[in-house]
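Heads up, the thing below is written out as structure tokens.
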Amino acid sequence: MVAAGTSSSTRQAIARHLAVGKALLDEGHYAAAQERFLSVLGLDATHREALQLMTKAETKRQAEQTKAERNRTRLQRLAQTLSGKLAREKAAERVQHEANAREQVAHAREQRLKFLYHRGLALYRDKRFDAAIGIWQQMVLLDPSHPLVREAQRLMSQAEAKQTLASSR
């Protein structure tokens with residue numbers, strides 16, 4: 001409603017600002033709509049419709065901000081959840097990788113021990129006792145508690161005894 005005594009050009013300006021403001025409000029451009037309603041209020045400070053539309057635009061703008069803040073908070077929580085999940089997955093992968101690496105090292109050590117044992121055994125059979133003892137001593141360095149090492153130590157004792165016997169003749 002336009003105040004009495006308002007000029008025709010002012011009424012046209014008010015109508016134009018109201019029309020544009022309403023269109024902006026309908027399109028969801030609340031801040032721009034508020035600027036148009038402020039223009040109306042600048043021309044007629046008591047314009048009831050402009051005041052109502054100004055309040056409506058402000059309410060919708062605040063609701064939109066609140067919704068955006070809720071969405072931002074939800075997305076932040078989601079990002080934190082995903083980050084935690086990714087960190088746990090990476091940690092599990094690292095643990096699995098370390099377990100695989102330990103298993104490969106143990107397998108390689110086992111293969112090396114078997115190779116050294118059989119190499120020492122071949123030298124022992126060829127009566128090359130010093131060489132056999134040297135090979136078996138390498139096994140002790142790799143894994144002193146391994147069952148093959150204990151067997152190699154028994155054979156080393158026999159080799160030393162045979163060596164001593166051979167050198168005493």
Side-chain angles (χ1 to χ4, degrees), residues 19-39 51-169:
V20 172
K22 287 177 184 179
L24 289 168
L25 185 62
D26 290 342
E27 292 173 9
H29 303 290
Y30 307 121
Q34 284 180 305
E35 289 177 23
R36 290 303 181 140
F37 302 139
L38 279 174
S39 296
L51 286 169
Q52 290 171 344
L53 291 171
M54 182 72 162
T55 302
K56 183 177 180 180
E58 179 62 19
T59 302
K60 288 190 176 225
R61 188 185 62 77
Q62 287 178 355
E64 191 174 77
Q65 274 184 329
T66 302
K67 182 179 177 183
E69 288 171 12
R70 279 194 311 263
N71 284 339
R72 188 173 22 260
T73 301
R74 183 180 57 81
L75 289 174
Q76 285 174 338
R77 276 193 233 118
L78 180 60
Q80 288 171 342
T81 300
L82 290 174
S83 175
K85 182 180 177 183
L86 181 61
R88 287 188 298 277
E89 287 174 0
K90 288 284 185 185
E93 285 176 13
R94 188 172 44 253
V95 166
Q96 184 61 45
H97 178 71
E98 289 169 0
N100 290 344
R102 282 191 300 275
E103 188 177 306
Q104 288 176 352
V105 167
H107 180 71
R109 182 181 301 119
E110 181 74 21
Q111 294 303 313
R112 183 71 178 155
L113 286 169
K114 287 179 180 178
F115 171 78
L116 291 172
Y117 177 79
H118 290 292
R119 177 76 179 122
L121 198 54
L123 292 168
Y124 178 83
R125 288 181 185 138
D126 289 343
K127 300 187 185 336
R128 296 179 54 202
F129 302 119
D130 278 342
I133 291 169
I135 294 291
W136 288 327
Q137 285 173 341
Q138 291 178 35
M139 291 176 66
V140 174
L141 297 174
L142 281 176
D143 188 351
S145 63
H146 193 278
L148 275 180
V149 173
R150 287 193 293 271
E151 178 61 23
Q153 287 172 327
R154 186 184 64 74
L155 290 170
M156 277 191 277
S157 296
Q158 288 179 6
E160 288 169 349
K162 288 184 179 189
Q163 194 175 26
T164 304
L165 208 106
S167 63
S168 65
R169 287 186 189 172

Can you check whether T59 reaches K56 side chain to side chain, under 4.5 Å on heavy atoms? no
With rounding to the nearest 0.5 Å, note down the distance linking OH in Y30 to CZ in R61. 11.5 Å
Residue pairs fulfilling side-chain hydrogen bond (donor to acceptor under 3.5 Å, both in side chains) with at least one residue in residues 147-156, sequence neighbours excluded: E151-R154
Taking every heavy atom of A152 against every heavy atom of M139, the minimum-distance pair comes out as CB-SD, 3.9 Å
Is the Y124 ring parallel, tilted or perpendicular to the W136 ring (thresholds 30°, 60°)? tilted
If I compare all heavy atoms of H146 with all of E110, which pair ends up nearest, and what's the gap? NE2-OE1, 2.7 Å
What pair of heavy atoms forms the shortest contact from A132 to G120, and how long is it? CB-O, 3.3 Å
Where do V105 and R109 land on the side-chain contact (heavy atoms from CB on, under 4.5 Å) test, with the steps shown first? CA-CA 6 Å; V105 167; R109 182 181 301 119; 3.8 Å; yes
Can you tell me how far CG of L121 sits from NE2 of H118, rounded to the nearest 0.5 angstrom? 7.5 Å
Pairwise side-chain contact, Q138 with R112, heavy-atom cut-off 4.5 Å (strictly under): yes
L141 CG to L116 CG distance, which is reported to the nearest 0.5 Å: 10.0 Å
If I take atom CE from residue M156 and atom CD1 from residue I133, how far apart are they, to the nearest 0.5 angstrom? 7.5 Å
Criterion side-chain contact (heavy atoms from CB on, under 4.5 Å) on D143 and S145, from CA distance to verdict: CA-CA 6 Å; D143 188 351; S145 63; 3.1 Å; yes
Kindly compute the distance separating NZ (K60) from NE2 (H29), expressed to the nearest 0.5 Å. 13.0 Å
Closest non-hydrogen atom pair between A33 and L25, with its separation: CB-N, 3.7 Å
Please list all pairs passing the side-chain hydrogen bond (donor to acceptor under 3.5 Å, both in side chains) test where one or both residues lie in residues 80-99, with sequence neighbours left out. Q96-N100
L148 side, atom CG; Y117 side, atom OH - distance, nearest 0.5 Å: 6.5 Å
Donor-acceptor pair between N71 and T73 side chains, under 3.5 angstrom: no
Could you tell me whether E64 and K67 have a side-chain N and a carboxylate O separated by less than 4.0 Å? no
